[in-house]
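Quantities reported herein were computed from a predicted structural model and do not represent experimental measurements. Remember, it's 1-based here, ligands and their atoms both numbered in the order they're listed.
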Amino acid sequence: MELHQLIPAGVKLVAVSKFHPYTMIQEAYDAGQRAFGESRVQELLEKIPRLPEDIEWHFIGHLQTNKVKQLVGNTALIESVDSEKLINLIDAESRKIGVVSKVLMQVHVAQEETKFGFLPEELVGYFREKRFETLTNTHICGIMGMASNTDDMSRVRADFAEIASVYRQIVGIQDLGLRGFDQISMGMSHDWPVAVEEGATIVRIGSSIFGERVY
Ligand SMILES: *Cc1c(COP(=O)(O)O)cnc(C)c1O
């Protein structure tokens, strides 16, 4: 069965096409897929002009501050905002060119130190102190996270549950005053069913769709 038939209605499938040629994206597009995920700015910018205009591009990789200017205005959703400095920069660049950027805040719960993101208490603090109120051209739509890279599915489930709990802590803040904060992006090829059970609204799936990546 096709993956998009297995994923429940109401959960968005982002097909992670990083490191795969645009021809494979076109094939998936022709089969009906519209949302694609890329993790490198240069690669994304090379693919955009070769592919249909109505593709919804999600940026899912670590975004260096010196690449923000190139990226802003070219994506439907930047899923990987991992610092306050970065969101402030995205906001400033968006204001300059007169667009509103949609973003997710990345939270770090996994065991690996190599992964990026706000620590849970840091992220909740950002919202509790309403530091987002200075943003004029950025719409924070929710949060994104990754589970630990392990076969231990109880560990993976605990990580997803923690991401969902961070989300609930944020929406539970009194008088938060944040509209349209309703997305939890979590789950990849090997762990997405668990992520969906724990409340994911967006899953990001690469190798199950396109095969293994050749780096
Ligand atoms: C590469 C990547 C994915 C997809 O991983 P697969 O295991 O190929 O499904 C999802 N999310 C992020 C942030 C990624 O970098």
Side-chain angles (χ1 to χ4, degrees), residues 1-8 11-22 24-25 27-28 31 33-47 55-64 67 71 75-83 86-87 90 102-120 123 141-153 155-157 159-160 162-164 166-167 183-215:
M1 213 179 346
E2 296 284 329
L3 202 53
H4 60 84
Q5 293 175 294
L6 297 170
I7 291 168
V11 176
K12 179 185 277 277
L13 167 61
V14 175
V16 176
S17 48
K18 64 186 183 194
F19 296 95
H20 292 295
Y22 71 91
M24 288 177 78
I25 303 175
E27 260 175 58
Q33 179 64 28
R34 288 297 176 270
F36 293 89
E38 290 284 337
S39 60
R40 296 186 305 181
V41 173
Q42 201 51 46
E43 185 177 342
L44 172 62
L45 295 179
E46 282 166 19
K47 284 172 173 173
I55 284 183
E56 189 185 303
W57 293 105
H58 290 227
F59 190 80
I60 62 169
H62 173 59
L63 178 56
Q64 291 167 278
K67 300 275 171 68
L71 186 66
T75 56
L77 186 63
I78 301 173
E79 295 203 16
S80 44
V81 173
D82 55 17
S83 73
L86 182 59
I87 196 167
I90 290 169
K102 291 187 174 190
V103 306
L104 303 180
M105 302 299 254
Q106 184 172 352
V107 61
H108 176 120
V109 301
Q111 284 161 332
E112 297 88 34
E113 284 179 14
T114 49
K115 291 199 168 119
F116 291 98
F118 292 86
L119 294 175
L123 189 59
C141 302
I143 70 174
M144 181 273 242
M146 275 183 260
S148 304
N149 186 11
T150 168
D151 292 333
D152 174 1
M153 280 299 149
R155 172 79 234 175
V156 166
R157 185 178 296 279
D159 286 347
F160 287 143
E162 187 176 0
I163 295 166
V166 170
Y167 172 79
Q183 301 297 321
I184 304 177
S185 173
M186 57 186 188
M188 318 190 345
S189 290
H190 69 288
D191 58 15
W192 71 264
V194 182
V196 167
E197 282 169 16
E198 295 299 327
T201 65
I202 299 174
V203 293
R204 310 174 308 268
I205 301 181
S207 37
S208 293
I209 298 174
F210 296 111
E212 292 302 322
R213 289 175 288 276
V214 182
Y215 292 98

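For the pair His190 and ligand 1, no heavy-atom separation below 4.0 Å is found. In this structure, Glu79 does not count as a contact residue of ligand 1, since none of its heavy atoms falls inside 4.0 Å of the ligand.
For atom 13 (C) of ligand 1, the closest heavy atom belonging to the protein is Ile60 O, 3.5 Å. Among all non-hydrogen protein atoms, the one lying nearest atom 9 (O) of ligand 1 is Ser189 OG, 2.5 Å. Summary of contacts: the protein heavy atom closest to atom 5 (O) of ligand 1 is Met188 CE, 3.6 Å. Regarding atom 14 (C) of ligand 1, its nearest protein heavy-atom neighbour is Lys18 NZ, 3.0 Å. Of all protein heavy atoms, the one closest to atom 7 (O) of ligand 1 is Ser207 OG, 3.5 Å. In terms of protein heavy-atom proximity, atom 11 (N) of ligand 1 is closest to Arg204 NE, 2.9 Å.
The existence of a salt bridge linking Lys102 and Glu56 is excluded, since no basic side-chain nitrogen approaches an acidic carboxylate oxygen closer than 4.0 Å.
Each of the atoms 13 (C) of ligand 1 lies under 4.0 Å from some heavy atom of Met146. Of all atoms in ligand 1, numbered sequentially from 1 with element shown, those under 4.0 Å from a heavy atom of Ile205 are 9 (O).
Between Arg213 and ligand 1, a contact under 3.5 Å exists for at least one N or O pair. For ligand 1, one of its N or O atoms has an N or O atom of Gly206 under 3.5 Å away.
Below 30°, between 30° and 60°, or above 60°: for Phe116 and His62 the angle between ring planes is below 30°, a parallel geometry.
The two residues Glu198 and Met186 come nearest to each other via the heavy atoms O-CE, 3.6 Å.
Side-chain atoms of Ile25 and Glu38, non-hydrogen and from C-beta on, do get closer than 4.5 Å to each other. Using a 4.5 Å heavy-atom threshold, the side chains of Gln33 and Ile209 count as separate.
With a 6.0 Å radius and a threshold of 12 heavy atoms from other residues, nucleotides or ligands, Phe19 has its CZ atom above the threshold.
Side-chain atoms of Arg204 come within 3.5 Å of backbone N or O of Ser185 as a donor-acceptor pair.
Scored by the salt bridge (Lys or Arg N to Asp or Glu O under 4.0 Å) test, Asp159 finds Arg155 as partners (sequence neighbours excluded).
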